[in-house]
S.K.: 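Questions regarding the structure given below will be posed in turn.
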Protein chains: 2
Amino acid sequence: MKEKKSIYRTDCPVSTALDIYGDKWSLLIIRDMIFKGKNTYGDFLDSKENIATNILADRLALLEREGIISRAKHPDSKAKILYQLTDKGIDLIPVLIEIITWGEKYYDVHMPFKKLDKKLEKDKEGVIKKLYKRLRK
Amino acid sequence: MKEKKSIYRTDCPVSTALDIYGDKWSLLIIRDMIFKGKNTYGDFLDSKENIATNILADRLALLEREGIISRAKHPDSKAKILYQLTDKGIDLIPVLIEIITWGEKYYDVHMPFKKLDKKLEKDKEGVIKKLYKRLRK
DNA sequence: CTGTATCCTTAGGGATACTG
DNA sequence: CAGTATCCCTAAGGATACAG
């Protein structure tokens, strides 16, 4: 596997964050983990956006290297790997929530669960707290 | 100039948002407009990250096409152009704030104004409101 | 099932020169 | 000053095949 230099452009929090997940795929993996409970390679491959296997492998490695996700053996099978959000990854919930809020305000788009859309409008803080609770267990 | 197809991958708000600003530069321009009051081509070129002229021109066009920024004549000079955030662009404030919050929590990074960093810790909502107020004028 | 590896094409982007 | 244009290289990414 190629080595990434992991050098950030500047000491700005925005540019540093973008150096890590400023691309078209990383946050989709995080989205699937947070909102759809996905946690295996096959799960991620199965998304509507059709991520390529090489890109998926690359991003999983990158996210693990940055401490955003962890890998562990899956209880179901020896070959299977279980990907889980670390606390650092869980802390991306508010970022995702704000991106969703913006997207839903300006485009005809929706999260797969209508309940979530409505709850978000009414009680964003409540949604965030619930997600934290579910993922921290 | 090349035509961008502007077709979004899916109807997911996250993937749609990433189709627009899921790259290493777009949000840096927005950052500079929100937090540093930048609004001319030369201002943007002047950032620490050293964006290339062709990339800057491309992103300004993209952001304008998406209705996130607007262009107008600059009062100072006929040649100069004034870029300003639209309401849609201003609504990216919460996204940036959450990205900054996450970045500052996990990396040794800082926004150029220390006051902002401290205020963010104590009163995130207040900071957001102030920024909205300043930019909506 | 979880990846790697490979091939190939396109997009991103740095450097620089140039124009209205 | 605000871009365009060009050159050229690298990174991103799609498709497919293959391996443990």
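What's counted below: heavy atoms across the whole structure, side chains too, no hydrogens, waters or symmetry copies. Predicted, not measured: the structure shown is a model, and the values here were computed from it. Per chain, numbering begins at 1; letters A, B, ... match sequence-line order.
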S.K.: Given atom CG of A:Leu63 and atom P of C:dG3, what is their separation to the nearest angstrom?
M.R.: 13 Å
S.K.: To the nearest angstrom, how far is A:Asp43 atom CG from C:dT2 atom C1'?
M.R.: 12 Å
S.K.: Determine whether A:Leu92 and B:Trp102 make a side-chain contact, defined as any pair of heavy atoms from C-beta on separated by less than 4.5 Å.
M.R.: yes
S.K.: Provide a list of protein-nucleic acid N or O atom pairs under 3.5 angstrom, restricted to nucleotides 18-20 of chain D.
M.R.:
none

S.K.: Taking atom C1' of C:dC1 as reference, at what distance in whole Å does atom NE2 of A:His74 sit?
M.R.: 11 Å
S.K.: Determine whether B:Lys124 and B:Lys119 make a side-chain contact, defined as any pair of heavy atoms from C-beta on separated by less than 4.5 Å.
M.R.: no
S.K.: If I take atom CZ in residue B:Arg9 and atom C1' in nucleotide C:dA11, what distance separates them, rounded to the nearest angstrom?
M.R.: 14 Å
S.K.: Taking atom types as modelled, find out whether B:Asp11 and A:Tyr107 have a side-chain donor-acceptor pair closer than 3.5 angstrom.
M.R.: no
S.K.: Mind checking whether A:Glu125 and A:Asp123 have side chains closer than 4.5 Å, heavy atoms only?
M.R.: yes
S.K.: Do side-chain atoms of A:Lys88 reach the backbone of A:Glu66 as a donor and acceptor pair under 3.5 angstrom?
M.R.: yes
S.K.: Check the distance between D:dC1's C1' and B:Lys73's NZ and give it to me in whole angstrom.
M.R.: 16 Å
S.K.: What is the distance from CG of B:Asn39 to C1' of D:dC1, rounded to the nearest Å?
M.R.: 14 Å
S.K.: Kindly compute the distance separating CD1 (B:Ile100) from NE2 (B:His110), expressed to the nearest 0.5 Å.
M.R.: 13.0 Å
S.K.: Show the distances under 3.5 angstrom between N or O atoms of the protein and N or O atoms of nucleotides 13-17 of chain C.
M.R.:
unit_1: C:dG13; atom_1: OP1; unit_2: B:Trp25; atom_2: NE1; d: 3.4
unit_1: C:dG13; atom_1: OP2; unit_2: B:Arg59; atom_2: NH2; d: 2.4
unit_1: C:dG14; atom_1: O6; unit_2: B:Asn54; atom_2: ND2; d: 3.1
unit_1: C:dA15; atom_1: N6; unit_2: B:Asn54; atom_2: ND2; d: 3.4
unit_1: C:dT16; atom_1: O4; unit_2: B:Thr53; atom_2: OG1; d: 3.1

S.K.: Atom CG of A:Leu56 to atom C1' of C:dT2: distance rounded to whole Å?
M.R.: 10 Å
S.K.: So do A:Thr40 and A:Ile81 actually touch side chain to side chain, heavy atoms under 4.5 Å?
M.R.: no
S.K.: Among side-chain atoms of B:Thr10 and B:Ser15, is any donor-acceptor pair under 3.5 angstrom?
M.R.: yes
S.K.: How long is the line joining CD1 of B:Ile29 and P of C:dG12, in whole Å?
M.R.: 14 Å
S.K.: Given side chains that start at C-beta, do those of A:Glu49 and B:Cys12 come closer than 4.5 Å, heavy atoms only?
M.R.: yes
